[in-house]
Amino acid sequence: MTRHSAAPRSNPVRPARSVRPDRPDRPDRPDRPDRPGAFSLWGDVAHPATLTVADLRQGWAQHRADVVFDCATDGPQHHSFTGPLLREVVAGTLPDFDPRRRKERSRFLLAVSGGDGHHAVLSWAEIDADFGDAPVLLATRMDDESLDAAGTQLVVPSDRCGARYVSAVTGIWIGSCRTP
């Protein structure tokens, strides 16, 4: 179940610092953010950024997802998460595709890294309203507790297993799937 906030919010996307020496127009992965709970967004985007849980809470409408997923080590998990939609946060970085062209959007990927070394990959088409429209969240709260100290968590409500729930997100790479 997802509840929508009534008030639109401003977008607090802040520029990241690191730039690739071979392509000054394309940022490389920025250094790990030094602020607790901060994470970076970079890749094939016009505006790489570093955000915190507080930025996510203040900058975007908050959605709620009550989820049940299977954890390989702890069995069924029941949690309530609140946070902005991943697609809305990432859209603020201006991914390098023409938003009017569905085929361009469908070739983009998002690779999410967590503080414990866990990684997950999603396709833009999964979260795009014209395709899968999955309400994937960057959680700011879990079970009504703030995630400011722990860092945001990737929440994929449609997944039956918890493998793509990434805790303490440290980075999100956004980029095009290159042809083999």
Practice prompt. State, yes or no, whether a side-chain contact exists between P95 and V90 at a heavy-atom distance under 4.5 Å.
Written response: yes

Discussion item. Tell me which one of D133, D128, I127 satisfies side chain to side chain contact (heavy atoms under 4.5 Å, CB included) with F131.
Written reply: D128

Worksheet item: How far does CG of L154 sit from NE2 of H119, to the nearest 0.5 angstrom?
Response: 13.0 Å

Practice prompt. Can you see which heavy atom on A38 is nearest to which on T52, and at what distance?
Written response: CB-CG2, 4.0 Å

Discussion item. Working note: F108 + D44, criterion side chain to side chain contact (heavy atoms under 4.5 Å, CB included); need CA distance, chi angles, decisive distance, verdict.
Written reply: CA-CA 9 Å; F108 264 66; D44 295 340; 3.9 Å; yes

Worksheet item: Can you check whether F97 and W124 have ring centres sitting under 6.0 Å from each other?
Response: yes

Worksheet item: For the side chain of D96 and the backbone of V45, is there at least one donor-acceptor N/O pair under 3.5 Å apart?
Response: no

Discussion item. A side-chain contact here means heavy atoms from C-beta on lying under 4.5 Å apart; do D70 and Q77 qualify?
Written reply: no

Fill in: Side-chain donor-acceptor pair present, R141, S146, cut-off under 3.5 Å
no

Practice prompt. Rounded to the nearest 0.5 Å, what's the gap from CG on L85 to CD on Q62? Could you check?
Written response: 9.5 Å

Worksheet item: Do Y165 and M142 share a hydrophobic cluster (ILVMFWY, side-chain heavy atoms under 4.5 Å, transitive)?
Response: yes

Discussion item. Working to the nearest 0.5 angstrom, can you tell me the gap between T152 OG1 and F81 CZ?
Written reply: 10.0 Å

Item to complete: With sequence neighbours left out, write down each residue that passes salt bridge (Lys or Arg N to Asp or Glu O under 4.0 Å) with R101, or none if nothing qualifies.
Response: E104

Discussion item. Working to the nearest 0.5 angstrom, can you tell me the gap between R64 CZ and S80 OG?
Written reply: 3.0 Å

Worksheet item: For A168 and A150, which heavy atoms make the closest approach, and how far apart are they?
Response: CB-O, 3.3 Å

Discussion item. Can you confirm whether V53 sits close enough to F39 that some side-chain heavy atom of one is under 4.5 Å from a side-chain heavy atom of the other?
Written reply: no

Item to complete: State plainly whether one hydrophobic cluster holds both W42 and L109, where clusters connect Ile, Leu, Val, Met, Phe, Trp and Tyr through side-chain heavy atoms under 4.5 angstrom apart.
Response: yes

Worksheet entry | Side chain proximity check, D159 to F69, heavy atoms < 4.5 angstrom | no

Discussion item. Using only atom types and a distance under 3.5 Å, with no angle test, would you say the side chain of H118 pairs donor to acceptor with the backbone of V169?
Written reply: no

Worksheet item: Just how far is it from atom CD of Q153 to atom CG of L138, taken to the nearest 0.5 Å?
Response: 10.0 Å

Worksheet item: Between E126 and R87, is the closest basic N to carboxylate O distance under 4.0 Å?
Response: no

Item to complete: Please examine the side chains of P84 and T140, heavy atoms only from C-beta on, and report whether any two atoms are closer than 4.5 Å.
Response: yes

Discussion item. As an exercise, state the distance from CG of L86 to CG of L122, rounded to the nearest 0.5 Å.
Written reply: 6.5 Å

Discussion item. So if I apply the side chain to side chain contact (heavy atoms under 4.5 Å, CB included) rule between L41 and each of T50, L51, L110, which one comes out positive?
Written reply: L51

Fill in: Pair T93, H47: side-chain N/O donor-acceptor within cut-off below 3.5 Å
no

Worksheet item: Looking at R105 and D130, does any basic side-chain N land under 4.0 Å from a carboxylate oxygen?
Response: yes

